[in-house]
Every structure is written in C-alpha cells, then in structure tokens.
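In what follows, chains are A, B, ... by sequence order, proteins preceding strands, each numbered from 1. Keep in mind that the numbers below use all heavy atoms, side chains included, and drop hydrogens, waters and symmetry copies.
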Amino acid sequence: MLQLQAIREEKDKIISALKKRNVDAAPLLENVLRLDVERRNTQTQLDNILAESNKLSKEIGMLFKSGKAQEANILKEKTGSLKEDSKKLGEALNAAAEELQTLLYQIPNVPNHLVPAGNTEEDNEEVFKEGDIPVLNTNALPHWELAKKYDIIDFELGVKITGAGFPVYRGKGARLQRALIAYFLDKNTEAGYTEIQVPHLVNEASGYGTGQLPDKEGQMYHIKEDDLYLIPTAEVPVTNIFRDVILNEGDFPICYTGYTPCFRREAGSYGAHVRGLNRLHQFDKVEIVRVEHPSNSYKALDGMVEHVKNILRELKLPYRVLRLCGGDLGFTAALTYDFEVFSTAQDRWLEISSVSNFEAYQANRLRLRFRDANGENQLAHTLNGSSLALPRVLAGILENYQTPEGIKIPEVLIPYCGFDVID
RNA sequence: GGAGGAAUGGCAGAGUGGUCGAAUGCGGCAGUCUUGAAAACUGUUGAGGGUCACACCUCCGGGGGUUCGAAUCCCUCUUCCUCCGCCA
C-alpha cells in the first residue's frame, strides 16, 4: 500500500511511474485525494464536537460533585444534539475511511526506475546468464518421462490420493528433494539467514499484510470452517512476523530463511506448460526474507541476487537472471529479478526464483516501522526471494544431468543424498 | 469438548463510573558527578490522526451497548492461564 502522504506530495510522479505497469492511476489517485480531504474534514468536525462534549461532561461532573445537581441537569440537556451529530459524523468518517482504504488497496507499488517498460514476459530484460547448456542425446527425455523411467516421482498416484498437481516422490526422488531442502537451508544459514519454521496456515490479517488479500483470494486455498488460508509462499507467515512491530535501527538487517510447502490453486492454468513439475498445486520452497533500513534495501536486493547466483553456480545449472518489466512485475513489488534455469529436454526456461524489493509497500500494510536516528517512526523495507523453488530445480537437474547410465547428482548434493547417480 | 480465571504502556503491575493516556517499579534515552566507567541523583520516555506550530481528537485484547461521562458496568468475539476429558 502506498503512503497517503506520498500520494499527496508526488501524485504526478506516481502516475507517470505507474504507466510502466500500463496502469492509468490518475482517476484512482484523484479519488484517493478527494476522499482524503473528505475524511480529514469530517474528522475535524467530529473532533470539535467531541471536544465540546468532553468539556461539558467535565463540567457536569464538577457540578454534581459540588452538589449543584440542578445546574448539571440543565447542561445534560445540551449533550443530546451533540451526541446525535457525533454519531452521524462518526458514521460518515468510517465510510470515508473505509472507501479510502479500499482504493489504496487497489493501487500497485510504484516501480523502481530500473524497471523496463513492457507488457509481457517477452519484455523482461535479461541482465545475466551463466552456465553451459549441455548437449544431450537426441533421445533425451523430459523430466516427467525420467521420473517414470527411474520411478522417482509418481504423478498418477498423487491424482489418486488428492488430484492433479500433487505429485508423490519416492525413493531417490524423495531423498533428492530432501537433500535440496537441506542444502538450500545450509547455504542460506551460512550467508547469515536465521532458519525459522512457521505455520503453513495463516489468518486473514496476514494475507492482507503481505498483499495476497484482497483480490487474490483465488490463488490461495481457503479453509472456510476456520477462516484460514494455506500459504502460497513462506513470504506470508515469515514477513507477518513483523506486522505491528516497531524496530530499532540497530536491529537491521533482519534475515530469515525458512522451508515450507506452498499451496497454490493456479485456477485457470492448463496445457503442456503445466506438465510434470512445471506447475503444481503443492510444492516445496526455501525462502529468504529480509527487513531492511530504506537506505540499504537495494544493496540488500543485490546481495540476495548474488546469493542465489552462487547456489546455481554450485549446482552447475545453466541459468539466467531477468529484470521484470512493468507489465510482468508483481502487484506489491518495486523491483523483481527472476531466475530461470534452462530445461534442456523441454528446450525452455523455467522460473525457479523471484527476488523482490517491496520497499515500504508491504511495511505500510504491516505497520512495520523502525525508530530512526531522530526518534521518528518510519516504515522499514521488506524483501524476499526464493532460494529456491524445489520442483523446477529438480526438473532442471533431472533433465540436464541425464546420461545413458542414469541421472548424475550434482557434486555439492552428493553428501546430502548419499548417492551419486539415479539409475 | 466441559468448568473456572484473566487480558492495562518495552516488561512487571496499580487503577472498579468523573480532572486517568493512565500510579509505582524495572528497562530505555539525555544530563549532573567522574580521567573514564559503575553507582547515585535529575529530567525524559506509548501509538495514530490533526496543525506552520500549538490547540484538539482517538486508542487500556477486538466489536457492540448503558451513561452527560467508561480502563472501570453490560453483551459478544478472540486469545492466554488453571483443572477435567481426549490425544501426536
């Protein structure tokens, strides 16, 4: 959520920056400003009435105390109309505030100046590329075939137990998955992130805090009975640790890493691109989350990008880094780098990580602040990224490391797996 | 699931209808003293709205009500604690 003060002060700047998202925010912002004025006017009127009625009440109290009941009763009569007015104004105030809130929720974050213009993923800007794309046999298989051949992932069994998009991992497949989780967590911990385990279900307030709610309800599984949501990413529970928190400057940087399963409804997606591990309803992910001083958040973002690069380098997977264009940028992000690993047998890039700076957008919703050097409370910046999303890394490993003798295990993972080939 | 108790500022803890945004202690910050530190002493120390700055307004778990007036009374929800039951 953008800060009202920013909208008041730099409306035009915000409108022009949001054009990068192909959004014409002008009418929305005009409405916000109109409601803001209305809200403040109503507030002032209400405050005056409340001040008067507070004063009267005190006088009445004093009169009763000094035994002047009659005078007190005369004053009492005057409070009736004040009460009526304050009730009406209070309702008007709530209505205006609520409407204002609704509008503010509809405004996406302002893109950073580095964000390229563009509409679709075609317009994302490749900023880095590394790793050799292996030359495979003509009979190289996509990962879903390999999964079947080596009996390590069973998609049909998942359909039986739950439904499409809930695979079952077995034997070396399950072990490799566990190895990746342990390896990622270790790498993150070495880099200074504190490992944390969080709930996999969150309440409504948490959904609002990080921006999944309102409007994106369709993405999350909702448990009606208890009004809880299955997390689509660890970002939600981890970042919400800091909802309604005021930090000290010395607390920065705050770095957390956590492994969680992620649940996504993915309503509406279908077809060849969702085959195998490409798109699932339940998948595992290791996430990194940072809370930063505003002056340091972009340095932190770069650091996170380097960190993820290092992991992919160690895994010896061919990958590239994209700077998302305005049209592809997530609603709450100011700048996002996507990592894609090349899936050789499918001959396409698969997104395996997304690293973003949300600046103060989430913090504003979360009321996540810190006390600055002047003793003033100001909003912190939040960031997060995947390191990494398991299924597509797994797909990348299976496809890129396949040989006629079986699937080789990347060297760094061998100690975690306890074997060096899947055959 | 059943029975009882509780929820107040960073923490502990008073306050049971009026001048209470809230005693006191601890903690934090600033100062005095000191070569420096500690101790001691003095001051200061919640959040939001509003204003050029004041004034002023709101907030004592959430929501609603009674009253001229609510931290205090009533209703309701949530959470926590104790006991019983069940249980990985």
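Read 5' to 3', the first and last nucleotides of RNA chain B with an atom closer than 4.0 Å to a heavy atom of chain A are B:rG18 to B:rG69.
Backbone-only engagement by A:L50 is indicated by non-hydrogen atom pairs under 4.0 Å involving sugar-phosphate atoms exclusively. Among the heavy atoms of the strands, none lies under 4.0 Å from A:R367. Using a 4.0 Å heavy-atom distance criterion, A:N48 is classed as making no nucleic acid contact. Among the heavy atoms of the strands lying under 4.0 Å from A:S57 is at least one base atom, whether or not backbone atoms are also near.
Nucleotides B:rC83 and B:rG27 are separated by 33 Å at their P atoms, to the nearest Å. Across the C1' atoms, B:rG49 and B:rC54 are found 15 Å apart, a figure rounded to whole Å. To the nearest whole angstrom, the two C1' atoms, one in B:rC41 and one in B:rA14, are 26 Å apart. Look at the C1' atom in both B:rG5 and B:rG31: the space between them is 46 Å, to the nearest Å. Taking the C1' atom of each, B:rA23 and B:rU8 are spaced 12 Å apart, rounded to whole Å. A distance of about 10 Å separates the P atoms of B:rG21 and B:rC59, rounded to the whole Å. Comparing B:rU78 with B:rG10, their C1' atoms sit 24 Å apart, to the nearest whole Å. A gap of 23 Å separates the P atoms of B:rA22 and B:rG28, to the nearest Å.
Residues passing the side-chain hydrogen bond (donor to acceptor under 3.5 Å, both in side chains) test with A:R40, sequence neighbours excluded: A:D36. Every residue two or more places apart in sequence or in another chain that forms a ring pair (Phe, Tyr, Trp, His ring centres under 6.0 Å) with A:Y105 is listed here: A:Y208. Under the side-chain hydrogen bond (donor to acceptor under 3.5 Å, both in side chains) criterion, A:E190 pairs with no residue at all, not counting sequence neighbours.
For the atom pair OG of A:S86 and CD of A:Q45, the computed distance is 12.0 Å after rounding to the nearest 0.5 Å. Distance CZ/A:F184 to NZ/A:K285: 12.0 Å, rounded to 0.5 Å.
Outside the 6.0 Å centre-distance limit, the rings of A:F263 and A:H281 are not counted as a close aromatic pair.
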(request) For RNA chain B, just give me the dot-bracket, please: Watson-Crick or G-U, both distances below 3.5 Å, ( ) intra-strand, [ ] crossing earlier pairs, | paired with another strand, . unpaired. (result) ((((((((.[[[..)..(.....]]]((((((.......))))))((((......)))).[[[[[..)....]]]]])))))))....

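Contacts classified as side chain to side chain donor-acceptor pair (under 3.5 Å) and involving residues 360-373 of chain A (residues at least two apart or in different chains) are given here: A:E235-A:Q362, A:D244-A:R367, A:Q362-A:T382, A:D372-A:Q378.
Position along RNA chain B of the nearest nucleotide to A:D36 versus A:K55 favours A:D36 as the more 5'-ward residue. Place A:R40 and A:K58 on RNA chain B by their nearest nucleotides, and A:K58 ends up nearer the 5' end.
Salt-bridge annotation for A:R392 and A:E340: absent, with no side-chain N of the basic residue lying under 4.0 Å from a carboxylate O of the acidic one. By the 4.0 Å N-to-carboxylate-O rule, A:D151 lies close enough to A:R170 to be salt-bridged with it.
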